[in-house]
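A short worksheet on the structure shown next.
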Amino acid sequence: MNAVSAAGALAREPAGAPGRLLVPLYVHPAADPAAWAALPGAAGRLYGVVLNVADGPGPRPDPAFAAAAARLRRAGVPLLGYADTDYGTRPVRAVLRDVHRHRRWYGVDGVFLDRAAAGAASLPRHRRLVRAARRLGAATAVLNPGTHPDPGYAALADLLVTFEGTWADYRRAEVPRWTRGHPPHRFCHLVYAVPGYLDAAVARLAHERGAAVHCAVPGRGPNPWRSVPPAAARRPGGPPP
């Protein structure tokens with residue numbers, strides 16, 4: 001980062017200011033260099049970018065991902081390393097190994113714990129995971145159950161992803177009352193299969209539903225997170241690209 005670290009930027013202000021974007025970009029930099037090249041210019045609008053080499057950091061450092069991560073760090077973009085919890089059933093040691101590798105190989109600022117459990121019975125396990133990840137240097141912890149979990153999860157992480165799904169499902173989604181007791185910068189909604197330029201509608205709905213962080217992409221299929229959200233690719237205040 002130019003003057004301060006990305007982690008310092010997160011600490012200086014609530015990272016979930018209205019309209020911030022969390023970008024899970026699950027495509028190799030060599031396969032779509034333009035997507036990765038678009039992100040540094042959107043640094044001021046990004047909560048962070050999730051690095052996912054191979055459902056985690058991979059078995060060894062990937063030079064292309066290391067170079068992409070370095071460019072994003074220089075631009076001041078916070079980076080989150082992807083780690084799969086398999087709904088709380090994956091061994092804690094395996095998850096923490098991923099956290100450590102992301103930190104050592106790619107210099108990430110935090111962790112994105114995907115497929116988190118949502119039930120109250122798994123709260124102690126996830127609390128242990130988040131605390132251990134912080135001891136390994138993860139300044140920011142994001143939990144992604146993809147749905148509204150037991151309210152106790154809101155106290156575990158910096159950001160809780162309470163929706164991940166299609167635009168069609170998001171339009172019908174409901175928000176439980178307990179979320180009103182927490183500030184919007186603690187919640188994120190990830191929406192895919194968003195047609196045309198309806199990403200602005202996603203942003204409005206997320207704001208109305210008490211989530212200050214979101215992502216809206218047109219992708220579909222097994223991996224809809226292969227592209228940069230249109231909101232990150234366009235200039236602030238400019239027309240759609």
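Just so you know, these numbers use all the heavy atoms, side chains as well, and skip hydrogens, waters and symmetry mates. Sequence positions, counted from 1, serve as the residue numbers for this chain.
Note on ring orientation: taking the six-membered ring where Trp is involved, the planes of F187 and H182 are perpendicular (angle over 60°, cut-offs 30° and 60°).
Listed by first then second residue, pairs satisfying salt bridge (charged side-chain N to carboxylate O under 4.0 Å, His left out) with a partner in residues 90-108 read R90-D98, not counting sequence neighbours.
Remark: the backbone N or O of R220 is paired with a side-chain donor or acceptor of R226 at under 3.5 angstrom. Of the possible polar contacts, one joining the N223 side chain to the Y26 backbone as a donor-acceptor pair under 3.5 Å is found. Between the side chain of Y87 and the main chain of P145, no donor-acceptor pair closer than 3.5 Å is present. A donor-acceptor contact shorter than 3.5 Å is absent between the side chain of H189 and the backbone of T162. Under the 3.5 Å distance criterion, the side-chain polar atoms of R186 are left unmatched by any main-chain donor or acceptor of L159. Between the S122 side chain and the R125 main chain, no donor and acceptor come within less than 3.5 Å of each other.
Checking H148 against T179 by side-chain atom types alone, no donor-acceptor pair falls below 3.5 Å. Side-chain contact, Y82 with D114: a donor N or O sits under 3.5 Å from an acceptor N or O.
Between R115 and D55, none of the side-chain N atoms (NZ, or NE/NH1/NH2) sits under 4.0 Å from a carboxylate O, so this pair counts as no salt bridge.
Heavy atoms only, all atoms of each residue included: G221 and P224 are closest at O-CD, 3.4 Å. The shortest heavy-atom contact between G152 and L156 is O-CG, 3.9 Å.
Applying the side chain to side chain donor-acceptor pair (under 3.5 Å) test to R135 and every residue at least two apart in sequence or in another chain returns nothing. Residues satisfying the ring pair (Phe, Tyr, Trp, His ring centres under 6.0 Å) test with F65, not counting sequence neighbours, are H28, W36.
A cation-pi arrangement is absent between R127 and Y153, since the terminal nitrogen or guanidinium carbon is not both under 6.0 Å from the aromatic centre and inside a 45° cone about the axis.
Ring-centre distance between Y192 and W225: below the 6.0 Å cut-off.
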